[in-house]
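Everything on this sheet refers to the single structure shown next.
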2 protein chains.
Amino acid sequence: MLELRLVQGSLLKKVLEAIKDLVNDANFDCSATGFSLQAMDSSHVALVSLLLRSEGFEHYRCDRNISMGMNLGNMSKMLKCAGNDDIITIKADDGGDTVTFMFESPTQDKISDFEMKLMDIDSEHLGIPEAEYHAIVRMPSAEFARICKDLSSIGDTVVISVTKEGVKFSTRGDIGTANIVLRQNTTVDKPEEATIIEMNEPVSLTFALRYMNSFTKATPLSNTVTISLSSELPVVVEYKIAEMGYIRFYLAPKIEEDEETKP
Amino acid sequence: MLELRLVQGSLLKKVLEAIKDLVNDANFDCSATGFSLQAMDSSHVALVSLLLRSEGFEHYRCDRNISMGMNLGNMSKMLKCAGNDDIITIKADDGGDTVTFMFESPTQDKISDFEMKLMDIDSEHLGIPEAEYHAIVRMPSAEFARICKDLSSIGDTVVISVTKEGVKFSTRGDIGTANIVLRQNTTVDKPEEATIIEMNEPVSLTFALRYMNSFTKATPLSNTVTISLSSELPVVVEYKIAEMGYIRFYLAPKIEEDEETKP
DNA sequence: CGACTGTAGC
DNA sequence: GCTACAGTCG
């Protein structure tokens, strides 16, 4: 028996908006720790990792560990039927093959429940090793989204370079080139507007903008985003979910092909 | 060497929105006077003339006259990457084949530079003779835009007639006819809401609404528009650009075909 | 906060 | 031509 009551239902709505374009089907894993998901995107290039800790739920009952395979498109359709202020409760019976989403309007005048079939999904749950990163950039999430969107009107890939001076996003395409430099800036009115660069070693890595733009669908979940970079490790793009956990996206860098030295 | 610093970068963004649908490629001419453009639209029917005077720039360096051929679609893509509050600097080296647009955020924390290839464009720079106009109408630009849009849902052309009484915009289509009359009105709270008609001689001319609706893309540049009319001369639709210059559109009138007297 | 409209991009 | 997003209105 599983029953998770989330007062701020809009969080779950936003989480689904953030991942449903990247991942079609995935297992949600529920344990005493929390409600989590780990899945490769459909083209097997990027990885999404979500955690909503049990403490963030108003009521959290999970009698035993359970993995529920869901079609995220269908789940998202149902969650769209919840109001932004609704309380969402996720329910499932042990051994059942369905999950129920219950939505309560703030006034309790409207109670909806949506039942969805579960599916069997093969999932290799990869252990993600803790890593030391050469550089960690924390910046306003809206600004990161704007940069990825702007650069994708010029090129397909972005080179992210971190030096002491700041972080540079560069691209190149048929119509020209673009460079956007952000310098570290902690002297802002609101802490969420700061750009903070922790650098142990300079780093410069190339990524497909298509995936970056997918990741930025998570922007509504947090005012800030953290980008962790190391040579030859996947970048981690993390959005913290207030009081509850996080959503993290992993993406392997492209191996830079030097035009001059191609065979 | 050319370096033009425009504090109100949104002006240049709006200028490009106003002309990029009308003209694909054009030469920007830079001299001590200012930054200007003159180009026929792609179907060679209308003419655009833009002037941004050097005095309107915070910094204006133009060592020698230079003509830079740009694809306005690509230029517009790049300018869309500038924030509305950004300071825009246009840079080019003498004899170079690229132009660079630099965008500085108001806080200086974000500096972007976009480099674009220049192109060779044949341009016949027409001298536009000064002319006496039979009538000059000055009116709120939003009202003019609304009228052109409304009339184009009924017909394809507009007859603009000016008499002592006012200015009349008429059209005729399959579903019926429409006439919109504005009388002179200077007794308004704000001067930009006035409709002022200077008439030396009554005039009535016919224009294609398709072009008029293109011209009204310049509406965000100015609260007022000036329409100058003379029989058998192109109409001039002018939007002043505060402190800097203007954008003017020229369009030849259609020769009225009287349905009744056609052979 | 939800619905609608108008616009821009695919 | 269609869909997605943003801005505006109620």
Side-chain angles (χ1 to χ4, degrees), chain A residues 6-22 24 42-43 72-74 76-88 103-112 114 140-156 171 173-176 178 208-221 223, chain B residues 10 12-24 71-85 114 141-153 209-210 212-221:
Chain A
L6 180 63
V7 174
Q8 202 179 339
S10 60
L11 282 185
L12 193 62
K13 285 166 64 96
K14 290 178 191 164
V15 162
L16 262 103
E17 286 309 297
I19 59 180
K20 73 162 207 290
D21 292 336
L22 210 53
N24 298 132
S42 18
S43 53
L72 301 190
N74 293 340
S76 168
K77 274 189 190 168
M78 291 191 170
L79 292 181
K80 280 200 175 138
C81 302
N84 279 326
D85 293 337
D86 284 5
I87 297 166
I88 297 182
F103 310 140
E104 300 166 68
S105 73
T107 56
Q108 299 287 325
D109 294 331
K110 179 181 176 188
I111 314 268
S112 325
F114 289 73
S141 57
E143 177 142 49
F144 178 64
R146 172 71 196 256
I147 289 170
C148 292
K149 178 175 143 283
D150 282 351
L151 292 185
S152 54
S153 76
I154 310 291
D156 297 328
T171 193
D174 292 342
I175 71 169
L209 278 165
R210 178 179 154 221
Y211 290 101
M212 288 292 173
N213 275 314
S214 249
F215 302 166
T216 60
K217 295 263 162 60
T219 303
L221 282 165
N223 288 323
Chain B
S10 60
L12 193 62
K13 287 168 63 101
K14 289 178 191 164
V15 162
L16 260 104
E17 285 310 296
I19 60 181
K20 73 163 210 290
D21 292 336
L22 209 53
V23 181
N24 298 132
N71 175 289
L72 300 190
N74 292 343
M75 180 176 173
S76 168
K77 269 190 191 173
M78 290 189 170
L79 292 181
K80 279 197 177 142
C81 301
N84 278 326
D85 296 332
F114 287 71
S141 58
E143 179 145 45
F144 178 63
R146 174 66 195 259
I147 289 170
C148 292
K149 177 172 146 281
D150 285 352
L151 291 187
S152 55
S153 75
L209 277 166
R210 179 181 154 219
M212 288 293 174
N213 275 313
S214 247
F215 303 165
T216 61
K217 295 266 160 62
T219 303
L221 281 165

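Throughout, a chain's letter reflects where its sequence line sits, starting with A, and its residues are numbered from 1.
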note: A:D156, atom CG; C:dC10, atom P; distance rounded to Å ~ 12 Å
For the pair A:S112 (side chain) and A:E104 (backbone), establish whether a donor and an acceptor sit closer than 3.5 Å, ignoring hydrogens and angles.
no
Distances under 3.5 Å only, N/O to N/O: pair up the protein atoms with those of nucleotides 8-10 of chain D.
none

Of B:E17 and A:G83, the one whose nearest nucleotide on DNA chain C sits closer to the 5' end is A:G83
Rounded to whole Å, NZ of B:K20 lies from C1' of C:dT7 at a distance of 11 Å
Which of D:dC5, C:dG2, C:dC1 is nearest the side chain of A:K217? It is D:dC5
Q | More than 12 heavy atoms from other groups under 6.0 Å of CG on A:D156 | A | no
Margin query: Whether the side chain of A:K20 engages the backbone of A:L72 through a donor-acceptor N/O pair (distance < 3.5 Å, no angle test) should be reported.
Written below: no
Whole-Å distance, A:K80 NZ to D:dA4 C1', equals 10 Å
Separation of C:dC1 atom C1' from A:F103 atom CZ, nearest Å, is 17 Å
Rounded to whole Å, the NZ-C1' distance (A:K14 to C:dC1) equals 13 Å
query = B:K149 near the nucleic acid: base, sugar-phosphate alone, or nothing, with a heavy-atom cut-off under 4.0 Å?
reply = nothing
Here the distance between atom P of C:dA8 and atom CG of B:D21, to the nearest Å, is 9 Å
Testing C:dG2, C:dC1, C:dG9 for proximity to the side chain of A:D85, the answer is C:dC1
Checklist line | Ring-ring centroid check B:F144 B:F215, cutoff 6.0 Å | finding: no
Can you tell me if B:K13 uses its side chain to pair, donor with acceptor, with the backbone of B:L79 under 3.5 Å?
-> yes
- Query: Do B:T216 side-chain atoms and B:A145 backbone N/O form a donor-acceptor pair below 3.5 Å?
  - Reply: no
